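Convention: sequence-line order gives letters A, B, ...; per-chain numbering from 1. These numbers come from a predicted model, not from an experiment.
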Amino acid sequence: MERYSPQQIEKKWQQKWDAGQVYRTEMDEKRPKYYALEMFPYPSGNLHMGHVRNYSIGDVVARYRTMAGFNVLHPMGFDSFGMPAENAAIKHGVKPGDWTYANIDNMIRQQKDMGLSYDWDRKVLTCAPDYYKWTQWLFELFYKRGLAYKKEASVNWCDTCGTVLANEQVIDGKCWRCDSEVHKKDLSQWFLKITDYADRLLDDLDKLPGWPERVKTMQANWIGRSEGLEFNIEVPELGEKLPVYTTRPDTAYGITFVALAAEHPIIEKLVKDNPRAEEIKAFCEKARNQSEMERTSSESEKEGIFTGVYAVNPFNGNKVELWVTNYVLADYGTGAVMGVPSGDQRDWMFAKKYNLPIILTCQPKGVTLKLEDMNHAYDDKSGELVNSGEFTGMEMHAAMSAIMDKAEKEGFGQRKVNYRLRDWLISRQRYWGAPIPVIHCPHCGEVLVPEEELPVKLPENVSFDAGAVSPLAQCEEFVNCKCPQCGADARRETDTMDTFICSSWYFLRYADPHNDKLPFAKDKVNYWAPVDQYIGGIEHAILHLLYARFFVKVLHDAHLVDFDEPFKNLLTQGMVIKDGAKMSKSLGNVVSPEEIIEKYGADTARLFILFAAPVDRDLDWSEQGVEGSFRFLARVWRILDKFEDVVKGAPSAYDPETLTKDEKELRRVLHSTIKKVTEDVRDRFMFNTAISSLMELVNAFYAFAGKEVNPGLVRELASALIRMLAPFTPHIAEELWHNLGGEGSVHAQQWPGYDESALVQDEVEIVLQVNGKLRGRVTVPAGLDKEEMEKAALALPKAQEHTAGKEILKVICVPGKLVNIVVKG
RNA sequence: GCCGGAGUGGCGGAAUUGGCAGACGCAGCAGACUCAAAAUCUGCCGUUGGCAACAACGUAUCGGUUCAAGUCCGAUCUUCGGCACCA
């Protein structure tokens, strides 16, 4: 053999695998299925190291499962609608589609260079008409089920992107994509009713033991369920009942004012015949114009204006002032809040600023609080009630439910659950997305495009030089159409769908990617899905992963799929960083996968990225570390080269009983390595330690270099080593497999099993401790009982030395591990 | 503020159920090979003291439980991420 030269072997095998369609997958009811999936990329044009890491992990999982006997689905596609294609069109005058498809071609080439085991026949492109046809079909399904609606709302608008955004896409008041400030705009927009599924999306997180805790916590926080009481406060002057929501009904006797959001509809009524009307209107105007950042920061100053109108606390009949404020949110709860300064810090600050009265309703048990000594609200969730009528003296939790009972019994309130989660705004005023399949008819109103007319295709000749208006809205031949119901001249909806819709169901399409009758056939989707192992970045913890769960639940309810969670197990990989920072063009610390593969080969790139850190932690890129990984592969190559003739001439079986002591030990290392690698890959996703134990095995093998070894053992070792390397470094494994006379592809081989009896050691080293401190070691026959162990340990000179003249209190024996002598004095 | 991670040599990291802290790799040092270098192979490699045997110390800090703690408990600090005027 020549020396290890990846450039010569990798291309060769990639072509053979491609030609032999090695990774084609078909349904097979006889074998257990396994669906391994990496989050599909946006076709930016080039793979970055984050992709390389993602796909390397996924490829190990898929290849390991294949070897372990599963029928594995391992597909790849592209999330290929979205802004960058349109920006390229505006900037360089290329068509978004041309730009996108060219990028996809390049990225597929790079993915093939990595030697990934995808079934390319199942490739899914969300921008292809035969895909977005079904995205539109699913929109219509949602619409028919009452889960898609258009409404006028105050929405998030990004000027730079020229479109609205979902709440999930606003990060710290800024656009998730371009980082520019987001502001509110009143527009008529399409929403999906994800709030209908809030409870199930929250509760079913418990059905996902295979998800990282932090992702589940993030989703739970985002959904933000809270339980409380909604009750009516009378406003006698207006003859109105004003509903308010609280999670602290136990403090209801401490209401000293009522606060309204500046957008609250009752304000219109309030300002009629109100001497302060102009002032109030001006205040509301000012509050509404505050940026999202200012309004939602807990630091910003709480301001308000008294309306001159009073409200009545239904619990005790107290007459309290009604204020308009800048700190009550219009779209949470009822947009009106009871003000209890003694029990809520915000209300406290507000009351102090405007000199509103404060009534104490709760204090710690056995303590008497005095308002004049307090400098903040008492908002601990424990204590006893005071000044609370019939509830005075009651423990607060008991009081909470008693007070809610009272409100329900007397009919002015009821228990209520509220969510932080809002409906999903899916309209985008952009061109490069799936058109929303709706026609607006002057007579019939909103009409769905008939199913047989789908897809509503994107027109080709549109202009992108426009300002704020969507390119689709300017395309007359797209906009003008006939009403499918009455035939009248009508206008087509020009909004496209959020690309997160396209990615909310792509993993189901892989099960049946060429279906032209349905998004997917039921038997196929139920055979392959749900995804057994999903792998991707933590940045999708809320966005994509929440939306996809929502979609699957709706599809479940529509009887299109039998399962109601899309991803059984989730693995969130860490970032690839360099010099302590995320790789970015502006920092100039980007390492190009293409260059690394060219220089060291794909196997080295994959091995390093899997070895350098546990999968869920950030990984520091190190060129020297890459060198080390390359060295390891070259080392494997050389040792197998040395033993090539031995392996080829070896019998297929041998009797382990005939091995020498050293050979037996080598066999034990081999089998314990198989056990360790199997468990690390299958159960723990600890690829770094799996690889380190393969390195140890190779080190142990090197101790026999140049020596006479049982050929059967060498053959066993070489075969298992190559098969264990196959998921990590598929090319070198395939080459070595063939060099040593292996039949067929190494990737079609069975994963090596281990022999429990080979793991048993004749002798074990046990540790001697005195008072827990390590004092010596002794090698003893395996399987000694406690007394024998104790005897062997006590006989050691070290034991004598450290216990001399001291009283032995007791001796602890851990079989096969250690003896601890406890002494006094 | 609330919620969730993380903190171990010069560096990346290991220690899976409370049982030898630092596996494996990188960097470093030394030896072999070589005219020489590279490559390769072999050995050393937490800190302090000691020629050494060895001893003391050591997993962010302080305290606790235990024969035994990186691991469990309590408090604190640092750091990363999420949510945050959600009533």
Side-chain angles (χ1 to χ4, degrees), chain A residues 3 171-172 212-222 224-226 228 244-248 251 259 261 294-302 325-329 331-340 343-347 349-350 379 418-422 538-539 541-542 608 611-614 616-629 631-632 634-635 638 676 679-680 683-684 686 688-699 702-703 705-706 765-777 809-814 816-823:
Chain A
R3 69 187 186 90
I171 314 289
D172 290 333
E213 210 50 50
R214 59 178 183 145
V215 174
K216 289 191 275 186
T217 309
M218 280 159 77
Q219 292 210 356
N221 283 345
W222 187 260
R225 182 188 154 102
S226 83
V244 296
Y245 173 74
T246 179
T247 54
R248 291 296 304 275
T251 65
E294 289 170 312
R295 280 198 81 175
T296 55
S297 160
S298 50
E299 258 89 87
S300 61
E301 183 75 19
K302 286 158 192 43
T325 71
N326 67 346
Y327 77 94
V328 174
L329 302 174
D331 56 356
Y332 183 78
T334 63
V337 166
M338 65 178 201
V340 184
D344 183 286
Q345 186 55 24
R346 291 158 302 181
D347 296 347
M349 281 155 67
F350 192 76
D379 52 9
N418 264 319
Y419 301 92
R420 221 189 64 96
L421 182 71
R422 304 284 191 277
I538 185 75
E539 66 274 15
I542 294 171
F608 169 72
F611 175 62
D616 56 353
R617 224 181 287 181
D618 285 352
L619 180 153
D620 212 338
W621 188 267
S622 138
E623 183 90 15
Q624 284 170 331
V626 178
E627 297 267 3
S629 294
R631 269 202 295 271
F632 169 68
R635 206 166 135 82
R638 281 192 304 270
K676 164 99 177 134
E679 287 168 358
D680 279 355
D683 308 329
R684 303 206 306 153
M686 292 285 285
N688 54 331
T689 53
I691 292 166
S692 72
S693 52
L694 288 171
M695 289 172 169
E696 285 178 85
L697 175 62
V698 171
N699 291 345
Y702 261 86
E765 191 183 61
I766 61 167
V767 166
L768 168 73
Q769 292 184 343
V770 177
N771 286 350
K773 273 196 185 1
L774 177 72
R775 292 300 179 191
R777 304 157 194 282
L809 296 178
K810 61 172 158 177
V811 179
I812 311 263
C813 282
V814 181
K817 282 218 172 111
L818 62 81
V819 175
N820 186 16
I821 306 167
V822 186
V823 298

Distance between [atom1] atoms of [N] and [M] (Å, rounded):
N: B/rC24; M: B/rA75; atom1: C1'; value: 36 Å
N: B/rG1; M: B/rG64; atom1: C1'; value: 29 Å
N: B/rA60; M: B/rG70; atom1: C1'; value: 12 Å
N: B/rG28; M: B/rC45; atom1: C1'; value: 8 Å
N: B/rG46; M: B/rC33; atom1: P; value: 28 Å
N: B/rC54; M: B/rA21; atom1: P; value: 15 Å
N: B/rU66; M: B/rG19; atom1: C1'; value: 12 Å
N: B/rC11; M: B/rA23; atom1: P; value: 15 Å

Rounding to a whole Å, what distance do you find between [X]:[atom1] and [N]:[atom2]?
X: A/K773; N: B/rC20; atom1: NZ; atom2: P; answer: 15 Å
X: A/L774; N: B/rA15; atom1: CG; atom2: P; answer: 21 Å
X: A/R420; N: B/rC83; atom1: CZ; atom2: P; answer: 7 Å
X: A/L809; N: B/rA68; atom1: CG; atom2: C1'; answer: 15 Å
X: A/I538; N: B/rC3; atom1: CD1; atom2: P; answer: 19 Å

Heavy atoms under 4.0 Å, any strand shown: does [X] hit a base, just sugar-phosphate, or nothing?
X: A/G628; result: sugar-phosphate
X: A/N699; result: sugar-phosphate
X: A/T246; result: sugar-phosphate
X: A/R225; result: nothing

What protein N or O atoms touch nucleotides 65-67 of chain B N or O atoms at under 3.5 angstrom, if any, and at what distances?
unit_1	atom_1	unit_2	atom_2	d
B/rC67	O2'	A/N820	ND2	3.2
B/rC67	O2	A/N820	ND2	2.6

In residues 331-340 of chain A, which ones come under 4.0 Å of RNA chain B, going by heavy atoms? A/Y332, A/V337

For each nucleotide in nucleotides 5-14 of chain B, reading 5' to 3', give B when a protein heavy atom comes within less than 4.0 Å of its base, S when such contact involves only the sugar-phosphate, and - otherwise. -------BSS

Closer to the 5' end of RNA chain B via nearest nucleotide, is it A/W222 or A/Y245? A/W222

Comparing nearest nucleotides in RNA chain B, the 5'-proximal residue of the pair A/R775, A/I171 is A/R775

A/Y332 ring centre to A/R420 NZ or CZ under 6.0 Å, with the angle to the axis within 45°? no

Check nucleotides 38-41 of chain B against the protein and report each pair of N or O atoms closer than 3.5 Å, with its distance, or say if there are none.
unit_1	atom_1	unit_2	atom_2	d
B/rU40	O3'	A/R638	NH2	3.1
B/rC41	OP1	A/R635	NH1	2.9
B/rC41	OP1	A/R638	NH2	3.1

Is the base of B/rG74 syn or anti, if syn means a glycosidic angle within 90° of 0? anti

With sequence neighbours excluded, residues passing salt bridge (Lys or Arg N to Asp or Glu O under 4.0 Å) with A/D616: none

Looking at residues at least two apart in the chain, or sitting in another chain, which of them share a side-chain contact (heavy atoms from CB on, under 4.5 Å) with A/N688? A/P614, A/M686

Would you indicate which nucleotide in B/rA87, B/rA27, B/rG19 comes nearest to any side-chain atom of A/Q624? B/rA27

Checking A/N418 against A/R225: is there a side-chain donor and acceptor pair closer than 3.5 Å? no

For B/rA15, the nucleotide meeting Watson-Crick or G-U wobble distances (both under 3.5 Å) is none

